[in-house]
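Data first, discussion second: the structure below is written as structure tokens.
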Amino acid sequence: MRERYQPQIKSYEIHPISIKQIQKGHPWVTMDKFSEKFHPKERFIIASNRKKPFALLIHDPTHKDVRARVWATSGDFNRQTKNFKNDLGNRIQTAMKKRLDAGILKERNNFYLIFGEADHIPGVFVQWLNGEVLIQFYMNFWNFYKDYIVQQLIKVINDKVDPDFYIENCWLQSRSLTKDPALSMDPNCSFRSVEITEFGVKYKVLLGKHYDHGIYTDMSSVRSRLKEELTNSKSVLNLYSYTGAFSLYALSLGVEDVVSVDLSSKYIDWLEENIKLNKDFNPDHHKSMVTDTDSALKQLKKEKKKFDFIISDPPSSSTDKNKRTNSLNDYKMNLPLIDNLLTPAGSTLVFLNTHKVSMKKFEERILQIIEEKKLKLKVAKKFYLSEDCPTKKGFHEGNYLKGILLKKDD
Ligand SMILES: C[S@@+](CC[C@H](N)C(=O)[O-])C[C@H]1O[C@@H](n2cnc3c(N)ncnc32)[C@H](O)[C@@H]1O
């Protein structure tokens, strides 16, 4: 009998710091003098610790920072590479069923079916957008398994959600190298407008047109936890509003004075389109301001406006160091202005969208500003990613969203 070909996966020593981090749950191997030796042709790599196999990695030679991600830390690694598709299929099913069986669809039809590293499918993020599926790869390795992933997704969706869901409803976006929009898997379609419903509010989502599609689904669980706060408010100011998810949610909860601020007229137009989609909203209850946050705060102060609730969600800066510093430092200038616009029992929710600053540091900085500027604000609650967007212990990059609710302390 002919002997069966048994490929052996190549082993490489990895950096002692990578070993320590993987032991703590961190699933990445970044570029260093060890990982730069990984041969670009290797798809799988066995990471060794003093010649002992330590972890099975999946490799992306094209990624400028994250060279490889952890697939397994125990078991027979050679066997696991042969059984890779099967294990991948199981992980996909587990992630999707966890959300669908929990009844998430009853509240909203935009949610994450797969949330990358936290679902043990590193670099793969999948959103359900009311009948369309957006698959985002943060690692080019997954292009080799694209068809299999799509096939697995369709299987679970046909079984649990919609028997008439087809490959033509899938969108693929590579987020590792370029800033291109998602591509439709329907060869006859270049973009598609979809209406999604989150907590009873309708939003327009545009697939295939821009890098981002019009709603931050990872913020959905934060929005739902603001229900009480918003219901108890008569006036809401939404800074860095984007397409208005927080503003529309406030309008749906009966707030009659909502102001949205964004630098981009394109996003404010989109926000206004979203308001029109919700026929029962009174457009007189909303005002848009196309300007930067700093100017808006100064103008509103001049007008002696006051708000019960102010949301500040500045843009992410995880890819740009300078922006990150600005975004945190901006609070030094903006928090006193925000405080000045609050009613005596008002509160503000300030966000920081970067893994580069921990919640502890963010809170310390906010408390420092409160002390320096003699503001009468106290920390009431903290917000993180949750529900369909879980975080993973030891993986700070995945824990990028931080929100602090500050209440007036008179
Ligand atoms: C992270 S998004 C906000 C997402 C939004 N809170 C949501 O949940 O849908 C950041 C937004 O800030 C806007 N932006 C960036 N710099 C700004 C500035 N200096 N003043 C006002 N808006 C700004 C961008 O146009 C973008 O729409």
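Whatever order the structure lists ligands and atoms in, that order sets their numbers, starting from 1. The shown structure was predicted, so the numbers you read here are calculated from the model rather than taken from an experiment.
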Report, in ascending order of atom number, the atoms of ligand 1 lying under 4.0 Å from any heavy atom of [X].
X      : answer
Tyr267 : 25 (O), 27 (O)
Phe246 : 6 (N), 8 (O)
Asp292 : 19 (N), 20 (N), 21 (C)
Tyr216 : 2 (S), 4 (C), 7 (C), 9 (O)
Arg223 : 8 (O)
Asp313 : 1 (C), 3 (C), 4 (C), 5 (C), 6 (N), 8 (O), 10 (C)

Legend entry - Working for salt bridge (Lys or Arg N to Asp or Glu O under 4.0 Å), residues Arg175 and Asp212: CA-CA 11 Å; Arg175 306 267 293 196; Asp212 288 320; 3.4 Å; yes

Legend entry - Within residues 231-241 or reaching into it, pairs that qualify as side chain to side chain donor-acceptor pair (under 3.5 Å) - sequence neighbours excluded: Asn238-Ser247

Inset, instruction - Select one of side chain, backbone, both or neither to describe which atoms of Tyr242 lie under 4.0 Å from any atom of ligand 1, heavy atoms only. - result: both

Inset, instruction - Specify side chain, backbone, both or neither for Met289, according to which of its non-hydrogen atoms lie closer than 4.0 Å to ligand 1. - result: neither

Protein heavy atom at shortest distance from [atom]:
atom                    : value
atom 16 (N) of ligand 1 : Leu263 CD2, 3.8 Å
atom 25 (O) of ligand 1 : Asp262 OD1, 2.7 Å
atom 18 (C) of ligand 1 : Tyr240 CE2, 3.6 Å
atom 15 (C) of ligand 1 : Pro315 CG, 3.6 Å
atom 20 (N) of ligand 1 : Thr293 N, 2.9 Å

Legend entry - Interatomic spacing from OG in Ser220 to OH in Tyr112 - rounded to 0.5 Å: 9.5 Å

Inset, instruction - To the nearest 0.5 angstrom, please state how far the CD atom of Glu256 sits from the NE2 atom of His285. - result: 4.0 Å

Inset, instruction - Give a yes/no on ligand 1: does Thr291 have at least one heavy atom closer than 4.0 angstrom to it? - result: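 Yes, Thr291 has heavy atoms under 4.0 Å from ligand 1.
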
Inset, instruction - Under the ring-ring contact (aromatic ring centres under 6.0 Å, His included) rule, collect the residues that match up with Phe309, sequence neighbours excluded. - result: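 Checked Phe309 against ring-ring contact (aromatic ring centres under 6.0 Å, His included); zero matches.
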
Inset, instruction - Check Gln80 against Leu56 and note the closest heavy-atom contact, atom names and distance. - result: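 Reported closest heavy-atom pair: CB-CD2, 3.9 Å.
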
Legend entry - Distance-only polar pair, side chains of Trp28 and Glu117, donor-acceptor under 3.5 Å: yes

Inset, instruction - Please confirm whether Ser264 comes within less than 3.5 Å of ligand 1 when only nitrogen or oxygen atoms on both sides are compared. - result: no

Inset, instruction - List the steps and the verdict of side-chain contact (heavy atoms from CB on, under 4.5 Å) for Asn158 and Tyr166. - result: CA-CA 8 Å; Asn158 285 161; Tyr166 302 103; over 6 Å; no

Legend entry - Given Tyr12, Phe84, Phe144, the one that forms ring pair (Phe, Tyr, Trp, His ring centres under 6.0 Å) with Phe44: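 The passing option is Phe84.
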
Inset, instruction - Quick one: do Asp186 and Arg192 satisfy salt bridge (Lys or Arg N to Asp or Glu O under 4.0 Å)? Show the steps, please. - result: CA-CA 11 Å; Asp186 177 351; Arg192 191 171 285 156; 3.3 Å; yes

